[in-house]
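Notes follow the structure.
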Amino acid sequence: MTLEPGSVDIIRLAWSRQLGFDDAAFGSAAGDRLTRADDARESVDFVRLFGTSVLVGPQGVLDAAAGIPDEDMAQHVTLLTLTRRTGGHGLGAAALFFADDLPLAQPAEELTVSHGHPEALELESRCPPDDVNEVRLSTLPHVFTIMRDDDGLSVPVACGAYSEQQGILADIRVLVDPEWRRRGLGSLVASIAAQEALASGLTLQWRADVSNKGALALSRSLGFTAGGIQTSVLLG
């Protein structure tokens with residue numbers, strides 16, 4: 001699916017505010033890299049969004065990055081190298097996808113969907129730690145967990161969730177029990193969460209680690225449009 005021009009402006013506005021810039025910063029950059037020095041910031045963030053690049057972090061990092069091309073800045077190893085002396089670590093690079101509308105997925109059978117966090121937390125206990133740490137269901141306020149009957153017990157098998165970014169974007173996350181993967185449940189819970197977010201007037205955002213082939217493929221199959229990349233490291 002293709003984003004409406006107005007949706008691109010909305011996404012730029014949300015990210016401008018998220019990174020501490022003026023509302024029109026992304027739209028007026030004209031291809032130049034935007035920078036903002038923040039020596040109190042606990043991370044360094046490089047964002048490439050619809051052709052505009054942004055770098056936020058301590059002044060020393062901004063100075064060191066001045067001559068480095070955007071293509072290299074998008075690599076996690078580049079930020080790690082620039083922040084080695086200040087303890088840079090973690091976070092990685094994530095591809096950014098967006099949508100202002102998505103088709104409604106229709107389940108093949110009647111489903112029970114929980115909006116509670118206990119069920120989402122139980123699902124986390126059934127999943128690999130790397131998946132749990134990437135999705136972080138326990139930190140998301142809006143959760144939609146598909147429950148299945150297992151010998152008379154209702155167990156969580158998949159969850160779609162989102163948090164709001166600047167009251168504009170819905171950052172969609174999905175987690176599926178490994179035993180229930182490759183059955184279309186990821187697409188289904190993502191659609192449920194997306195439709196709830198759209199009904200609240202939010203534009204959809206999907207963030208996937210660049211090495212997570214499953215999440216990248218799922219975003220495209222759902223109809224999200226590629227919009228850029230976010231590369232980050234923690235400091236100290």
Side-chain angles (χ1 to χ4, degrees), residues 8-98 130 132-136 138-141 162-173 202-212 215-216 219 224-236:
V8 173
D9 292 338
I10 289 171
I11 295 164
R12 285 172 167 166
L13 170 62
W15 274 95
S16 292
R17 293 179 178 178
Q18 180 78 9
L19 296 170
F21 289 91
D22 293 337
D23 286 355
F26 268 98
S28 60
D32 296 329
R33 182 188 297 171
L34 296 172
T35 61
R36 187 175 70 82
D38 185 349
D39 289 333
R41 192 175 180 86
E42 297 180 351
S43 66
V44 176
D45 294 278
F46 174 81
V47 177
R48 180 79 174 167
L49 190 66
F50 299 113
T52 300
S53 299
V54 171
L55 180 62
V56 180
Q59 185 64 58
V61 176
L62 270 56
D63 293 341
I68 300 176
D70 288 346
E71 291 76 13
D72 293 335
M73 290 300 300
Q75 302 295 319
H76 190 227
V77 66
T78 302
L79 284 190
L80 288 175
T81 300
L82 291 174
T83 58
R84 183 179 296 137
R85 293 184 178 179
T86 51
H89 64 283
L91 295 187
L96 301 174
F97 299 85
F98 302 94
D130 286 349
V132 172
N133 291 334
E134 182 177 349
V135 177
R136 295 185 298 167
S138 58
T139 69
L140 304 179
Y162 73 87
S163 60
E164 294 186 21
Q165 182 172 318
Q166 300 298 316
I168 296 173
L169 301 179
D171 195 40
I172 306 289
R173 308 286 178 89
L202 301 170
T203 298
L204 307 178
Q205 175 175 278
W206 183 282
R207 201 181 335 215
D209 189 283
V210 294
S211 64
N212 190 334
L216 295 172
S219 68
F224 280 82
T225 297
I229 191 169
Q230 178 186 12
T231 308
S232 306
V233 296
L234 292 171
L235 299 175

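- At a threshold of 4.5 Å between non-hydrogen side-chain atoms, the residues Gln18 and Val47 do not count as touching.
- Shown here for Gln230 and Ser232, the closest heavy-atom pair between the two residues is NE2-OG, 3.5 Å.
- Listed here is the closest heavy atom pair of Asp45 and Ser43: OD2-OG, 2.9 Å.
- The shortest side-chain heavy-atom distance between Thr225 and Phe98 does not fall under the 4.5 Å cut-off.
- Judged by distance alone, the side chain of Arg12 and the main-chain N or O of Trp15 form no donor-acceptor pair under 3.5 Å.
- Between Trp206 and Phe224, the ring-plane angle classifies as tilted under the 30° and 60° cut-offs.
- Between Gln75 and Thr231 there is no side-chain heavy-atom pair separated by less than 4.5 Å.
- With hydrogens and angles ignored, the 3.5 Å screen pairs a side-chain donor or acceptor of Asp38 with a backbone N or O of Ala40.
- Taking CG from Leu169 and CG from Leu204, the interatomic distance works out to 9.0 Å, rounded to the nearest 0.5 Å.
- Nearest heavy atoms, Ala93 versus Ala74: CB-O, 4.0 Å.
- What you find for Asp70 and Ser53 is that their closest heavy atoms are OD2-OG, 2.7 Å.
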- Item | side chain to side chain contact (heavy atoms under 4.5 Å, CB included) assessment of Met73 paired with Leu82 | CA-CA 10 Å; Met73 290 300 300; Leu82 291 174; 4.1 Å; yes

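- Counting only heavy atoms from C-beta outward, the side chains of Pro58 and Leu235 approach each other to under 4.5 Å.
- Between Glu71 atom CD and Arg48 atom CZ the span is 7.0 Å, to the nearest 0.5 Å.
- At least one side-chain heavy atom of Phe21 sits under 4.5 Å from a side-chain heavy atom of Val56.
- Using a 4.5 Å heavy-atom threshold, the side chains of Ile11 and Leu49 count as touching.
- When side chains are defined from C-beta on, Leu19 counts as touching Phe26, because their heavy atoms get closer than 4.5 Å.
- Of the inter-residue distances, the one linking Asp22 atom CG with Leu13 atom CG reads 11.0 Å to the nearest 0.5 angstrom.
- Although no hydrogens or angles enter the test, the distance criterion places a donor-acceptor pair under 3.5 Å between the side chain of Arg173 and the main chain of Val135.
- Atom OG1 of Thr203 sits about 11.0 Å away from atom CD of Gln165, to the nearest 0.5 Å.
- Closest non-hydrogen pair, Leu216 versus Ala208, comes out as CD2-CB, 3.8 Å.
- A distance-only check finds no donor-acceptor pair linking the side chain of Arg33 to the backbone of Leu55 [under 3.5 Å].
- The 12-atom threshold is exceeded at CG of Asp23, counting heavy atoms of other residues, nucleotides or ligands nearer than 6.0 Å.
- With sequence neighbours excluded, the residues satisfying side-chain contact (heavy atoms from CB on, under 4.5 Å) with Leu80 are His76, Val233.
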- Query: Where do Asp72 and Phe46 land on the side chain to side chain contact (heavy atoms under 4.5 Å, CB included) test, with the steps shown first?
  - Reply: CA-CA 11 Å; Asp72 293 335; Phe46 174 81; over 6 Å; no

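- Going from atom CD1 of Ile10 over to atom CD of Gln166 covers 14.0 Å, rounded to the nearest 0.5 Å.
- In terms of heavy-atom proximity, Ala25 sits nearest to Leu34 at O-CD1, 3.6 Å.
- Considering CG of Asp171 and CD of Glu164, their distance stands at 11.0 Å, rounded to 0.5 Å.
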